[in-house]
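Structure, as structure tokens:
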Amino acid sequence: MKKFLLILTAACMLLAGCHGQARKNAVLSGKANVTTFEEKQQQDIKNEGQLSFDPSAAAVFNFRYAAKKATPGVVHIKSSVSVKAQNNMPDFFKDFFGDELWRRYFRQQDDAGVRMGSASGVIVSNDGYIVTNYHVVSDADSIEVILHDQRTYKAGIVGTDPATDLALLKIDEHKLAFIEFGNSDSVEVGDLVLAVGNPFNLASTVTAGIVSAKARNINIISDKSAIESFIQTDAAVNPGNSGGALVDINGKLIGINAAISTPTGVYAGYAFAIPVEIVKKTIDDLLRYGKVMRGYLGIIISDMNGAKAKMLGIASTTGVMVDSIQQNSAAAKAGILPKDVITKVGLHEVETATQLREVIARYKPGEKLQLTLIRNGKEKIIEVTLMPEQLLSVTATPSTELLKKLGVGIANLSAKEKEMLHLAGGVKITTINDGTIGRTTQMQEGFIVTKVNRKPVNNTDEFIRSLQDSKEGVLLEGIYPGIAGIYYYAFGL
């Protein structure tokens with residue numbers, strides 16, 4: 001178990017079936033007239049005077065304006081989960097919560113055979129569309145939405161996206177207050193923010209903090225295509241805040257609160273929100289198509305650092321290095337090569353792998369992007385046409401399935417790396433996502449595996465064969481460049 005457990009904000013994570021009737025009841029009112037939720041918001045603000053507070057109030061150094069503007073647009077979500085389904089909770093959730101914590105944050109009703117979970121949601125249009133976390137409603141038997149004025153409605157599910165932990169709900173009502181979208185790209189570390197939600201069943205609670213970091217990947221979303229690029233904040237967020245709003249000083253939505261990092265199960269100063277630019281793309285797709293249309297480059301990437309910059313002979317340590325490329329992928333067809341360093345997607349500067357994944361996730365298959373990259377010390381611009389994920393999966397092999405299970409990306413060491421590190425060979429762990437290694441070890445990206453079960457491995461083929469030959473436990477031995485000592489990681493297959 002990691003020393004610092006990463007758990008989802010709401011102990012209201014629901015794990016029982018929310019698909020049948022609730023999904024059928026979703027009414028896509030106004031669908032034909034909606035281009036995007038953001039455009040619909042602007043039209044409604046203009047036509048109906050929604051959110052018509054005096055903006056000069058924001059100049060006063062307090063949070064009254066933002067709180068007054070945002071609070072009516074945040075709802076209380078109550079979901080019921082059958083006790084039978086709850087018994088099927090995955091072991092890793094039991095490890096996170098434990099029986100005592102689960103009982104503490106869920107109101108058990110033994111006579112009815114259900115448990116009730118409490119969370120939050122954000123109204124994004126005046127005709128009843130609400131965004132919340134996927135983990136809040138994924139398997140609920142029924143979903144109840146309570147508005148700021150205590151009106152109560154049954155909600156249906158329009159669509160869900162496990163990869164971003166987002167869900168779009170619908171209630172049958174009109175002329176609702178909603179929260180206007182902001183722009184998470186313009187948010188900077190140090191900006192003042194408010195979290196609005198219903199922690200511990202305390203309705204319409206507002207807490208304040210600052211943006212502590214951006215583009216955080218905490219490896220908490222279990223979907224194989226997980227997109228994690230959280231806004232980190234120190235605003236107090238607790239169980240029940242899941243799906244609630246993170247707003248700026250002007251009361252505009254910049255994120256959906258999703259997770260906390262804590263050793264106790266309650267607020268410890270680290271909370272994480274899904275950026276609103278990801279939210280907008282996701283819910284627009286869910287409304288139009290019923291699923292998210294996401295384009296893929298087909299590359300395995302890792303963050304740059306001083307050692308990589310020296311190896312490539314470049315001065316900059318910012319950007320994302322391409323470690324390997326999937327065959328027949330968008331990147332391969334565009335001519336992207338291993339060891340290319342991507343620095344921009346269009347006008348978006350990218351400094352980390354997490355940022356690059358977030359930006360690419362905003363585009364659909366078939367869309368063309370311009371990538372700015374450094375190759376052999378020179379800047380180059382390449383146009384790439386994104387492809388759907390399923391076209392990339394046709395080349396899947398037992399080895400790729402094994403790496404998916406482990407949750408890692410791997411690459412061979414270059415001749416320069418082997419010379420610098422005085423190694424005959426080895427395998428570099430380029431990425432760590434959700435999987436066995438990420439959940440059961442403290443391994444960090446950049447680790448170089450030199451032995452598997454005490455036997456040397458010089459390249460990725462030997463690494464894969466050694467793992468496939470392992471009957472039960474695996475012991476990896478290796479080093480971190482620039483750090484003294486030998487490190488060992490053990491796990492089961």
Side-chain angles (χ1 to χ4, degrees), residues 161-164 185 215 217 221 223-229 275 277-278 280-282 284-286 288-289 291-304 308 312 318-376 378-397 399-401 403-404 407-412 428 430-434 445 460:
D161 183 40
T164 54
D185 287 344
N217 184 341
I221 299 177
D223 187 83
K224 67 182 180 64
S225 301
I227 307 296
E228 289 194 31
S229 186
E277 298 306 312
I278 289 290
K280 288 188 284 189
K281 164 66 164 62
T282 301
D284 284 340
D285 280 4
L286 291 177
R288 290 178 188 165
Y289 314 114
K291 63 179 181 179
V292 179
M293 307 295 286
R294 191 170 286 127
Y296 291 84
L297 280 173
I299 57 178
I300 294 176
I301 55 179
S302 61
D303 293 339
M304 282 290 291
K308 292 178 184 177
L312 296 173
T318 61
V320 177
M321 189 171 81
V322 178
D323 293 309
S324 60
I325 299 172
Q326 290 178 290
Q327 189 177 10
N328 299 321
S329 67
K333 293 181 178 181
I336 296 174
L337 300 175
K339 301 300 187 286
D340 282 347
V341 178
I342 300 173
T343 58
K344 285 184 181 180
V345 178
L347 299 177
H348 292 276
E349 293 188 1
V350 291
E351 297 183 356
T352 66
T354 299
Q355 285 179 314
L356 179 61
R357 294 187 190 101
E358 177 193 346
V359 174
I360 296 298
R362 302 178 191 180
Y363 296 91
K364 296 181 176 65
E367 290 194 84
K368 297 181 184 295
L369 300 177
Q370 282 192 334
L371 301 185
T372 302
L373 54 85
I374 299 173
R375 179 184 296 171
N376 298 325
K378 297 181 180 180
E379 189 172 88
K380 186 179 181 68
I381 296 178
I382 290 182
E383 185 176 81
V384 58
T385 303
L386 298 178
M387 296 170 62
E389 182 182 24
Q390 56 266 30
L391 293 183
L392 301 179
S393 62
V394 295
T395 58
T397 65
S399 62
T400 59
E401 292 302 318
L403 293 178
K404 283 183 180 179
V408 296
I410 60 175
N412 289 318
K428 178 168 53 179
T430 58
T431 58
I432 299 178
N433 301 307
D434 183 73
E445 292 179 0
T460 55

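Note: hydrogens, waters and symmetry copies are ignored here, and every other heavy atom, side chains too, is used.
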Separation between CD1 (I342) and OG1 (T372), nearest 0.5 Å, reads 10.0 Å
Which residues satisfy the side-chain hydrogen bond (donor to acceptor under 3.5 Å, both in side chains) test with T282, sequence neighbours excluded? none
Which heavy-atom pair separates T431 from I301 by the least distance, and what is that distance? CG2-O, 2.7 Å
Value rounded to 0.5 Å, distance of CD1 in I299 from CG in L356: 5.5 Å
List in chain and number order the residues that pass side chain to side chain contact (heavy atoms under 4.5 Å, CB included) with I374, two or more places apart in sequence or in another chain; answer none if no residue qualifies. I314, V341, T343
Applying side-chain hydrogen bond (donor to acceptor under 3.5 Å, both in side chains) to K380 and not counting sequence neighbours gives none
Worked check of salt bridge (charged side-chain N to carboxylate O under 4.0 Å, His left out) between K364 and D285: CA-CA 10 Å; K364 296 181 176 65; D285 280 4; 3.5 Å; yes
Using side-chain hydrogen bond (donor to acceptor under 3.5 Å, both in side chains) as the criterion, list what pairs up with E445, not counting sequence neighbours. none
What residues form a side chain to side chain contact (heavy atoms under 4.5 Å, CB included) with D303, not counting sequence neighbours? T352, A353
Is there a side-chain contact between K281 and T164 (heavy atoms, below 4.5 Å)? no
Heavy atoms only: give me the nearest L371-I336 pair and the separation to one decimal. CD1-CD1, 3.5 Å
Taking side-chain hydrogen bond (donor to acceptor under 3.5 Å, both in side chains) as the test, write out the residues that go with S302, two or more places apart. K308, D323
Calculate, to the nearest 0.5 Å, the distance between atoms CD1 and CD1 belonging to I360 and I227 respectively. 10.0 Å
Closest non-hydrogen atom pair between T430 and I410, with its separation: OG1-N, 3.6 Å
Just wondering, do D185 and H348 contact through their side chains at under 4.5 Å, heavy atoms? yes
For V384 against A330, the heavy-atom pair lying closest together: CG2-O, 3.5 Å
Considering residues at least two apart in sequence or located in another chain, which fulfil the side chain to side chain contact (heavy atoms under 4.5 Å, CB included) criterion with L347? none
Apply side chain to side chain contact (heavy atoms under 4.5 Å, CB included) to P365 and list each qualifying residue two or more places apart in sequence or on a separate chain. M293, P388
Scan residues 337-360 for pairs that pass salt bridge (Lys or Arg N to Asp or Glu O under 4.0 Å), counting only residues two or more places apart or in two chains. D340-R375, E358-R362
Which pair of non-hydrogen atoms, one from A331 and one from G298, has the smallest distance, and what is that distance? CB-O, 4.4 Å
Which heavy-atom pair separates S229 from P275 by the least distance, and what is that distance? O-CG, 3.0 Å
Out of the candidates V345, T354, L369, only one should pair with V359 under the side chain to side chain contact (heavy atoms under 4.5 Å, CB included) rule; please name it. V345
Using the rule given for side-chain contact (heavy atoms from CB on, under 4.5 Å), can you reason through N433 versus V408, listing the C-alpha separation, both sets of side-chain angles and the distance that settles it, and then say yes or no? CA-CA 6 Å; N433 301 307; V408 296; over 6 Å; no
Measure the CD1-CG distance between I382 and L337 for me, rounded to the nearest 0.5 Å. 7.0 Å
